[in-house]
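Report on the following structure.
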Amino acid sequence: MERLLRAELRTATLRPFGSPGAGCISEGRSYDTDAGPVFVKVNRRAQARQMFEGEMASLEALRSTGLVRAPRPIKIFDVPGGGAAFVMEHLKMRSLSSQAATLGAQMAELHLYNQKLGKSWKEKEHTVGHRADGDQPPYVTKFGFHTVTCCGFITQVNEWQDDWATFFTRHRLQAQLDLIEKDYADQELRELWARLQVKIPDMFSGLEIVPALLHGDLWSGNVAEDDEGPLIYDPASFYGHSEFELAIALMFGGFPRSFFTAYHQKIPKTPGFDQRLLLYQLFNYLNHWNHFGREYRSPSLTTMRRLLK
């Protein structure tokens, strides 16, 4: 592996440092190179390249806004025996604590970014003599992403849709439920879903949702801080409803309260927020069921029952 890394990175120096890490999905190791320190993720799954290409596209999209800090992606390459490696900038991180409020404000600005682009675009469109500005990032009017991404190792379809409820139901909930049906054929889940899916459009009634660029998997294990401020990593980005981002931020350890206080100062809660948050948490429970097994059956079904009350 190290010989391959030297060749791919064109470096004479390749000195590992720190401890090798094994996450839920991939293994990671840091190296000193001629060009500075890098972090290398390796995954042996058949779809590893697709996973890493989606992560690279997500990092590039997030970094392009200038609003959040994330590792700079460097290179993806196949590894012998199957799988792929993803090389990115090494950042010395520690757990998010003192920078939680700053991250909350930054994530709110990220979620408002496309909306502000839209307002700017409309203002310029109505300006006499205005010509299209090729330097301005494009305003995104649909929900989805320009490439496939993976939440964990599960492929997510990001085909563009005009309607958020349709996108979320079809490409997030139904996709997870189809995988559970294939592996478990759970009758109770099937019955609950038949009742719940017809209620989903009403949860968004009267709500104007502007597509927001999301991290896509913003749980406490995918954020950190250093001396310069907060950091986010391991994204599965797409353009969606900003509230979707907050669901997993409240799960599996959660974030400090200061994160949410700072976030909602910029993006206040709207009517029906708590019910929609439950709906978005359902996606995360289903995703964990598919990744880690039946221990997530109970919270999945409990969440569906709460949504049906």
Side-chain angles (χ1 to χ4, degrees), residues 96 100-101 103-112 114-115 143 151-152 154 156 161 163-177 189 192-193 195-223 232 235-291 296-309:
L96 182 72
L103 181 61
Q106 289 179 353
M107 293 306 299
E109 288 296 330
L110 175 69
H111 292 166
L112 292 169
N114 188 54
Q115 181 177 318
F143 301 96
C151 191
I154 293 176
Q156 297 189 129
Q161 295 281 339
D163 179 68
W164 166 247
T166 300
F167 176 90
F168 177 69
T169 303
R170 181 180 302 169
H171 294 320
R172 293 298 180 265
L173 290 180
Q174 189 66 63
Q176 293 287 338
L177 288 157
L189 179 71
L192 287 169
W193 176 238
R195 293 165 55 199
L196 178 59
Q197 62 180 321
V198 297
K199 294 181 176 292
I200 290 176
D202 291 341
M203 298 182 194
F204 300 95
S205 179
L207 199 65
E208 182 185 359
I209 301 175
V210 177
L213 178 60
L214 307 179
H215 173 284
D217 191 19
L218 195 77
W219 72 290
S220 57
N222 286 345
V223 301
I232 58 176
S237 292
F238 64 99
Y239 283 85
H241 187 195
S242 57
E243 292 175 0
F244 174 89
E245 196 95 285
L246 300 182
I248 198 167
L250 285 161
M251 303 165 73
F252 313 123
F255 289 8
R257 182 177 296 180
S258 58
F259 171 92
F260 299 99
T261 300
Y263 182 92
H264 289 302
Q265 284 175 349
K266 291 179 177 287
I267 304 180
K269 296 178 182 180
T270 53
F273 173 88
D274 291 336
Q275 187 185 42
R276 291 189 298 274
L277 199 69
L278 264 184
L279 184 68
Y280 296 144
Q281 288 181 337
L282 173 61
F283 162 79
N284 290 292
Y285 283 131
L286 294 173
N287 186 47
H288 275 64
W289 186 347
N290 278 312
H291 276 88
Y296 287 97
R297 179 182 187 270
S298 179
S300 297
L301 300 188
T302 298
T303 303
M304 294 176 89
R305 294 189 199 101
R306 289 178 65 189
L307 286 162
L308 287 166
K309 285 183 179 178

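Small disclaimer: the values here were computed from a predicted structure and weren't measured.
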Where L214 and S237 come nearest, the two heavy atoms and their spacing = O-OG, 2.8 Å
Kindly state whether the ring of H288 and the ring of F252 have centres lying under 6.0 angstrom apart.
-> yes
Taking atom CZ of R297 and atom CH2 of W289, what is their separation to the nearest 0.5 Å?
-> 5.5 Å
To the nearest 0.5 Å, what is the distance between CG (L112) and CG (L213)?
-> 12.0 Å
Output for pair (L196 CG, L307 CG), nearest 0.5 Å, gives 5.5 Å
For the residue pair H291 and Y296, is the inter-centroid distance of their aromatic rings smaller than 6.0 Å?
-> no
Look up atom CG in D202 and atom CD in Q275, then write down how far apart they are to the nearest 0.5 Å.
-> 9.0 Å
H111 and its side-chain hydrogen bond (donor to acceptor under 3.5 Å, both in side chains) partner, picked from E245, H215, Q106 = E245
For this output row, return yes or no: ring centroids of F168 and Y280 closer than 6.0 angstrom.
-> yes
Whether over 12 other heavy atoms sit under 6.0 Å from R305 CZ = yes
Report the distance from atom OG1 of T270 to atom CD of E208, rounding to the nearest 0.5 Å.
-> 11.5 Å
Taking the six-membered ring of F244 as reference, does the NZ or CZ atom of R172 fall below 6.0 Å from its centre and within a 45° cone about the axis?
-> no
Spatial distance of atom CG (D163) from atom CZ (R170) [nearest 0.5 Å] | 9.5 Å
Sole candidate of R276, H264, E243 that passes side-chain contact (heavy atoms from CB on, under 4.5 Å) when paired with K269 = H264
Please name the pair of heavy atoms, one in V210 and one in F143, separated by the smallest distance, quoted to 0.1 Å.
-> C-CE2, 4.3 Å
Closest non-hydrogen atom pair between F260 and L250, with its separation = CZ-CD2, 3.4 Å
